[in-house]
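These notes concern the structure reproduced below.
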Amino acid sequence: MRYLPKSDSERKEMLRAIGANSIEDLFSTIPERFRLKHPLHLPGPLSEAEIIQYFQARAEENARGYTSFLGAGVYQHLRSVVPDAIIQRGEFLTSYTPYQAEISQGTLAAIFEFQTLMCQLTGQEVANASMYDGSTALTEAVLMAERLTDRRHVFIARTVHPEYRQVLQTYAKHLGLELSEVGFTASGQLDVAALDPRALAGAAALVVQSPNFLGVLENLPALAEIAHGSGALLVTGIAEAVSLGTVRPPAEADIVAMEGQSLGVAPSYGGPYVGVIATREKNVRQMPGRLAGQTTDAQGRRGFVLTLATREQHIRREKATSNICTNEALFALAATIHLCLLGKQGLREVAEQNLAKARFAQAELEKIPGVKRAFSGPTFNEFTLEFPRSVKLINAELLREKIIGPLPLGQSYPDQTKRGLVCVTETMPRTEIERLAAAIRRILEKPV
Amino acid sequence: MRYLPKSDSERKEMLRAIGANSIEDLFSTIPERFRLKHPLHLPGPLSEAEIIQYFQARAEENARGYTSFLGAGVYQHLRSVVPDAIIQRGEFLTSYTPYQAEISQGTLAAIFEFQTLMCQLTGQEVANASMYDGSTALTEAVLMAERLTDRRHVFIARTVHPEYRQVLQTYAKHLGLELSEVGFTASGQLDVAALDPRALAGAAALVVQSPNFLGVLENLPALAEIAHGSGALLVTGIAEAVSLGTVRPPAEADIVAMEGQSLGVAPSYGGPYVGVIATREKNVRQMPGRLAGQTTDAQGRRGFVLTLATREQHIRREKATSNICTNEALFALAATIHLCLLGKQGLREVAEQNLAKARFAQAELEKIPGVKRAFSGPTFNEFTLEFPRSVKLINAELLREKIIGPLPLGQSYPDQTKRGLVCVTETMPRTEIERLAAAIRRILEKPV
Amino acid sequence: MSQESSRIKKAGRHISQNEGLIFEKSAPGKRGFELPPLDVPPVDATKALGAAYVRDAIEGFPEVSEIEVIRHFTRLSTWNYAIDLGMYPLGSCTMKYNPRVNEFVARLDGLASEHPSQPANVAQGCLRILSDLQKCLLEITGMDAITLQPSAGAQGELTGLLLIRALLESQGNPRKKVLIPDSAHGTNPASVVIAGYEVQNIKSNAHGQIDTDHLREFVDNDTAALMVTNPSTIGVFEERIAEIAEILHSRGAFLYMDGANMNALAGITRPGDFGVDVMHLNLHKTFSTPHGGGGPGAGPVMVKTIFEPYLPVPVLIEKDGRFALDQNRPRSIGRVRAYCGNFGVLLRALAYTLAYGPGIRQATEDAVLNANYIRKGLEGHFDLPYKLPSMHEAVFSDARQKKHGVNTMDIAKRLIDYGFHPYTTAFPLIVPGALMIEPTESESKEECDLFIDAMRAIAEEAEKNPQLVKTAPHSTRVGRLDEVAAARKPVLRWKPSTSGEAAD
Amino acid sequence: MSQESSRIKKAGRHISQNEGLIFEKSAPGKRGFELPPLDVPPVDATKALGAAYVRDAIEGFPEVSEIEVIRHFTRLSTWNYAIDLGMYPLGSCTMKYNPRVNEFVARLDGLASEHPSQPANVAQGCLRILSDLQKCLLEITGMDAITLQPSAGAQGELTGLLLIRALLESQGNPRKKVLIPDSAHGTNPASVVIAGYEVQNIKSNAHGQIDTDHLREFVDNDTAALMVTNPSTIGVFEERIAEIAEILHSRGAFLYMDGANMNALAGITRPGDFGVDVMHLNLHKTFSTPHGGGGPGAGPVMVKTIFEPYLPVPVLIEKDGRFALDQNRPRSIGRVRAYCGNFGVLLRALAYTLAYGPGIRQATEDAVLNANYIRKGLEGHFDLPYKLPSMHEAVFSDARQKKHGVNTMDIAKRLIDYGFHPYTTAFPLIVPGALMIEPTESESKEECDLFIDAMRAIAEEAEKNPQLVKTAPHSTRVGRLDEVAAARKPVLRWKPSTSGEAAD
Ligand SMILES: Cc1ncc(COP(=O)(O)O)c(C=O)c1O
Ligand SMILES: Cc1ncc(COP(=O)(O)O)c(C=O)c1O
């Protein structure tokens, strides 16, 4: 087999050296009756060419050639070929977690740069070396808030990504956390009026997302004040990190939980992405996940190591801040390279193009009779529209024109079946925006 | 500009350090009247995304999705993704000719391996570090034969790749070489009878190709005898190197000129490929091109260097064996990696699959009324068929079915307009072979 | 010689300049990326969002060119060790060859480009990949049902425990505790806590195996499950695994298997056959997906039929050749992460499995062969605390070298000077000063012999010249780093102030 | 310390095992490649071809696995220097940044996959790429017609000379000789000979420029052309280039320009405007295509209209938006290679040009800025034989260091210990002991400063500790190699016998 660097004669030679008569001898500790008598029923073995054929055939069964207006937590952005070229260098791709600092300085320095970039983006003081994704980052941020406040009640906006909320529920269930959902107003922002101050008094955290799942930016300074007013922490989720190129960072939040997919990671049908937790220095010892820190060797040379490991499972076991071990290092590296390329200027320009394209699309779509904006709050590259019919029905017809239409909010908000979330990034050509508008117009003109 | 690592303030600072007032000062030696007053009329500047769009649009204008039965010097073979992953490592991709051996041992060791593999493939004793391609390799081989024999008359088979012959003519013209073409028999092999022994007596070389342009293998031992009988050298061109996986190597030839494209290099519309010259040890000092040799350092450690440079232009200038300087190193490396992967077994298996597929295709096509084999000689993965109509006309119809048909021999052999060269490699699925046969049958059934 | 010259500004590794942090290369106005021109009217952010919602330029954000980025990260990469450079004998981590074709297919347009929310009828290719992988993993483990959602082994553990909890709850009592052998990996107890259980550690017997009598005492009606790693972290198969399962089942408790060491079993035996109820796999170990300096991973969970109703949503379903994601699973434990898991990792694992097919057994055999060959080669040079036959890894201790004041970490660091990555040190906890060595099937006899030579040479150095070993490594860009200082006054991000001088 | 231990089997570069030749890793039965199953009946080669045409297994051919191949070449790669690792100041070679996107587009399906013989109507994309590149290069050089066929600079020279010869022949007399300044690159005289001309060398004047009075004497009715490199190989612009052209034209001879140094001129001035009749470009220099350890390249030739009828076949023609290849060119010099040239290289050059557009002028300015900055930085430390203003490169001599017995090669080797690739040594011939330094526009001020520091440090070492410099490099995997032995008893291929012990 092409991956195995041994000839049969070498195998025999090694068995002899071991003093075994046959390979079976080495498995003698496995009770006879549990040893497989027949080969496994698996497809293959396949040659490299057949493997490529198999996956190319699968790719044909997907949405190649379709234009998609989906965002809702995963975003199509321009990616230079440079990061991918670098992360494919064996030295990065095939190395392990940098526990042995002396021969892992490459990975460690890059993580240190990643942590720095995440702090700069979020306006926070410390960031970790990555979490699995945005949903688990948000969940871990809430658990962190619980540890920091020693309170159990958590208020979470209904406008937080529905799947993020589901994950939080799964984790919260057996940790005795009480979750209360908070609705939204006509602006699409958190309904502050619905926050019962008495209840909030004992709360661990107020959890919001900005831009939220409806595409609307939350007024974080105001929300921070409310939360802090009753000793609760403000936990802010960010699903569209590119917004931070032009949108005010969540500097007032106590903990930021971010999905880094937009920072140079492919959609890849849901993962792998890169979650991030950023917070204030004073909270660092309650933070989950790996941290790289700067230090020196005996000769005073600067170097980097994984540090504050006493928070982690491999040292503290059941007392650890989290069970996370393997994280998303390779994509933290990809995001680091991506952001270094974009730089100060580039990141802002990308964000501004998103804003411009989304505003253009919104204007084009609002020209269609019966189509109007659903919420009045400020939006970045996503916005919710109200249609005269079910979005699902409209999408079914759009699909025939190779357009993947707005995300039907009805999926997660049963009362919003006629509302759809439209995402338009810098990658969307004006002509395609116009094609979408024309198609929807045609569809709506047809009598149902 | 993203490729330029300077800010304007750094530029000013550097100008100050130089003591220049403006960048123009540095160009003062260019007469004022020749300095451009207006910007060049060039497309761009383009962002990376636009560059990719431009080339993707071009790719759409080619034969993507077509099935091609073209060979005739350029062959579709399976290529693992491994060689391409390795040659894209900056250490190989972005390094220069290994003149500074101490920091070029990677490239030098790989060249040494390439030279060894080429010797093993061709049955020769020495091979160089590469030539531009098969056509120039053949031409340089002939010039080498001239130097070795000090004779000017060269006999070349009409079955040598027509473009290779054209290149030889271009070079030969002003070097006082006399070229005589030799025809072929019904077997498709060199017409030995047509070789005037008296003329041959003063000849520098007999030049053949095997498999030749008609797909037929030449009887090299016999031809060697004839050539050597009159003091001429046998120069053998090889355009389909994969044949050497199963076909007898040109061990009797004095000089072998090979096109290495089949050994892991993409067709890429004609280049870059990798030419090779291999010969006997005694001829090495008349060989063109770079050579890597094994040696040691002061501590006796094995290392490799470019050697016998006294043959080359940078030392000998007008007395050099050739003017070649830059060669095709990166693709010599790709071929080396490709052959290391294939190995002894793999190379033979690939060759045998080519043979089997070609024989199957030939049988299928010969079943079509009016279609028959043109030559009786042994063939590898290409064969010439005789059709009842002009191949050009048949191809025109095949193209409509997204099939690129046999190469019309009429292009280079005006008397052979009804003959076409069919190539079938291991990459051609049986179903496509059957589709070709069915299509030709249909086309021929239609009255003209 | 040249090393002396203080003016040489290069890293220990020759031929490349030393490299500071990217922020230290930044200069205003440099850029490494350009956008296509905007094809719609520009928008003023402040006008569009309102001043209160707009940010200023990001202070200290890098400004560098493309070539500087390429050089910066290429240079950094040369300070890493990697599988592509040589043997990486980290016990329990299964650092095997990461096939290049897997990287190729994971990047195909039509796979890497797909959005997880796109309608199932334009995602059939992705769903079929997931379905095919599910079938393969169930066949290899002998289990009945599966979820591919967990992001890594640790999350797989949590998911598995939540499934056990859900089933127990449906029976009226979730129970209180989960038993964990003292040899277990740290994620096991950490996961138990998040699942709302107490950890009860149980001692291994003299052979490093679970003491079944001992176990019998522990298992009671408060016991939800036992988490066993099989082969255990000392690389030994739990010979009495069936009896262990029986003990648990007889008390209504379940057997959870941490499948991180499945590289010793694939194709040879199936957990589903020897009594395991719930288990996870680490696809970034056994199934060759690249570790990438710490991740990503994937930790699918396989279960027996009774657990199926509780699997996380969505569940992949197949109806006459078409695939769909079923969100409507009333008894599900819910989601453990967004979307369908680390698709890109799952895809690579399938590519790996397809490459071997039933031949995956040969990989397992070679892995065990290598481990035993190295064990044999080092016996007599290093102390072997547990004598039972090894499977995929061999665990020694530094008992002999301790006499000379040399510990496992010293030996590990010295190994670096011999051109190898260290083995896993100081784990499992049941072996004081452990040397945990897992070569995997990817190592040639030649590489194993080099490793044995190196280890023997170090054993000799430990006696004759302990200082040399205790101060190792001597050939790296930086020496041993001050971890205490790093933790006492943490510097966790670059600031114009904190940036010291680059190493030289 | 560890370096001492003779048992360490690793290369000078830490963290990777030393590596022999692939043949030394071979073992019967190992394999790194597998084929899909054959879907047609197998054929017995001996039956099919006849015993006389079949070969036996290839003796000594490697048998290794995929992981071994990856490791072998990854390890070898770490013994190379590269642009991606740092400055590569080789004069005349223009080692600039090779944009990664060019590698990406060159591999696109539909481009890399295209067969050169496929009908023009299914090759319009390839032909348009060639056409667009032709237009760009003509605009940049100010010439009238072009061929993209030549494989590299040297073949471009030959092609250009053959074009001149063809035109002269059509006028009745091909003439006999081609003039070449003593500063010229070795390929120039070598190409002249293949074109059937005699080389006549002409001396440069005290400023390293062509002596026009001197030239007047030389140019006669036997003179076909003068081959001039402008800027010359000492990096200086031929100020009297127009006068030189005039002298030649007045005698019916032509001005050929070797465009290898076009990186000093692009966007600033155009050869077509200052009297050049025929010229070539090295796309692997000025246009950023990767050198790949020695090639591939591309050497397009640009000419004035009068030469157009003689261009090599095929010639790319455009008719109402459709492209075709014209083979029917009765006066053509013929082909210089098969097909349309190194398409993959040409494509990259176009990608490079499109990235800059008219901004290519900025690249030229930065290249000249860097060269002059380094010249300034080294003045006073190294001897500057020619004082005229430098353009893209600065050429020093080792005159000062010679006094201490240190020559340019010693300095070059010592530069390696400082983390740089050496500059070009001992060329051009008109500068004894030349140091030919070309930074290109791809170097940051930071990198230029590091280089200047290193060179100054070496200049100091040459005085204070010449031995240290003469024995350099001290930090490489192997020391200076015995080139004399290599040439006296050439070992040009591996044989089971000749394979010595690997370096350690
Ligand atoms: C035995 C064992 N269990 C669990 C884990 C945790 O898996 P992961 O790192 O994928 O979360 C590991 C990985 O280190 C392990 O070795
Ligand atoms: C001035 C000059 N002319 C000609 C050449 C030859 O070009 P090539 O190596 O592409 O054949 C070179 C390249 O080294 C050169 O520097």
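Reminder, nothing fancy here: chain letters follow the sequence lines and each chain counts from 1.
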>> Among C:L481, C:V101, C:L76, C:N282, which residue has the highest count of heavy-atom pairs closer than 4.5 Å to chain A?
In response: C:L481

> How far does CG of A:N62 sit from CG of C:L108, to the nearest 0.5 angstrom?
Replying inline: 11.0 Å

>> Counting only non-hydrogen atoms closer than 4.5 Å, does C:H72 touch chain A with its backbone (N, CA, C, O), its side chain (CB onward), both, or neither?
In response: side chain

> Measuring heavy-atom distances to chain A, does C:K30 have an atom under 4.5 Å in its side chain, in its backbone, in both, or in neither?
Replying inline: neither

> Is it true that atom CD of A:E50 has more than 12 heavy atoms of other residues, nucleotides or ligands lying nearer than 6.0 Å?
Replying inline: yes

> Non-hydrogen atoms of chain C under 4.5 Å away: do they reach the side chain of A:L407, the backbone, both or neither?
Replying inline: side chain

> So what's closer than 4.5 Å to chain C heavy atoms on A:K6: side chain, backbone, both or neither?
Replying inline: side chain

> Can you check whether A:Y132 reaches C:N342 side chain to side chain, under 4.5 Å on heavy atoms?
Replying inline: no

> Given a strict heavy-atom distance threshold of 4.5 Å, which part of A:V247 is in contact with chain C: side chain, backbone, both, or neither?
Replying inline: both

>> What part of A:R348 gets within 4.5 angstrom of chain C, counting heavy atoms only: side chain, backbone, both, or neither?
In response: side chain

> Measuring from A:M14:CE to C:D366:CG, what's the distance to the nearest 0.5 Å?
Replying inline: 8.0 Å

> Where does A:Q100 contact chain C at under 4.5 Å (heavy atoms): side chain, backbone, both or neither?
Replying inline: both

> Of all of C:M391, C:E483, C:R361, which one pairs up most often with chain A through heavy atoms under 4.5 Å apart?
Replying inline: C:M391

>> Using the rule given for side-chain contact (heavy atoms from CB on, under 4.5 Å), can you reason through C:L111 versus A:Y269, listing the C-alpha separation, both sets of side-chain angles and the distance that settles it, and then say yes or no?
In response: CA-CA 7 Å; C:L111 296 179; A:Y269 201 63; over 6 Å; no

> Can you tell me if A:D133 and C:Y339 form a side-chain donor-acceptor pair at under 3.5 Å?
Replying inline: no

> Non-hydrogen atoms of chain C under 4.5 Å away: do they reach the side chain of A:E281, the backbone, both or neither?
Replying inline: side chain

> Is it the backbone or the side chain of A:F304 that comes under 4.5 Å from a heavy atom of chain C, or both, or neither?
Replying inline: both

> Given that the side chain runs from C-beta out, which part of A:L339 has a heavy atom under 4.5 Å from chain C: side chain, backbone, both or neither?
Replying inline: both

> chain C heavy atoms under 4.5 Å from A:E60: which part of the residue, side chain, backbone, both or neither?
Replying inline: neither

> Which atoms of C:F274 come close to chain A, meaning under 4.5 Å heavy atom to heavy atom: side chain ones, backbone ones, both, or neither?
Replying inline: both

> Can C:N80 and A:T107 be counted as having a side-chain donor-acceptor contact under 3.5 angstrom?
Replying inline: yes

>> Counting only non-hydrogen atoms closer than 4.5 Å, does A:A72 touch chain C with its backbone (N, CA, C, O), its side chain (CB onward), both, or neither?
In response: backbone

> In terms of heavy-atom proximity below 4.5 Å to chain A, should C:L388 be classed as side chain, backbone, both, or neither?
Replying inline: neither

> Side chain, backbone, both or neither: which part of C:H421 has a heavy atom under 4.5 Å from chain A?
Replying inline: both

> Is it the side chain or the backbone of C:L162 that comes within 4.5 Å of chain A heavy atoms, both, or neither?
Replying inline: side chain

>> Please classify the contact between A:R11 and chain C as side chain, backbone, both or neither, with a heavy-atom cut-off of under 4.5 Å.
In response: both

> What part of C:Y373 is in contact with chain A, defined as an atom under 4.5 angstrom from a non-hydrogen atom: side chain, backbone, both or neither?
Replying inline: both

> Contact part of A:Q299 toward chain C, heavy-atom cut-off under 4.5 Å: side chain, backbone, both or neither?
Replying inline: neither

> In terms of heavy-atom pairs under 4.5 Å with chain A, which of C:K376, C:E34, C:E114 leads?
Replying inline: C:E114

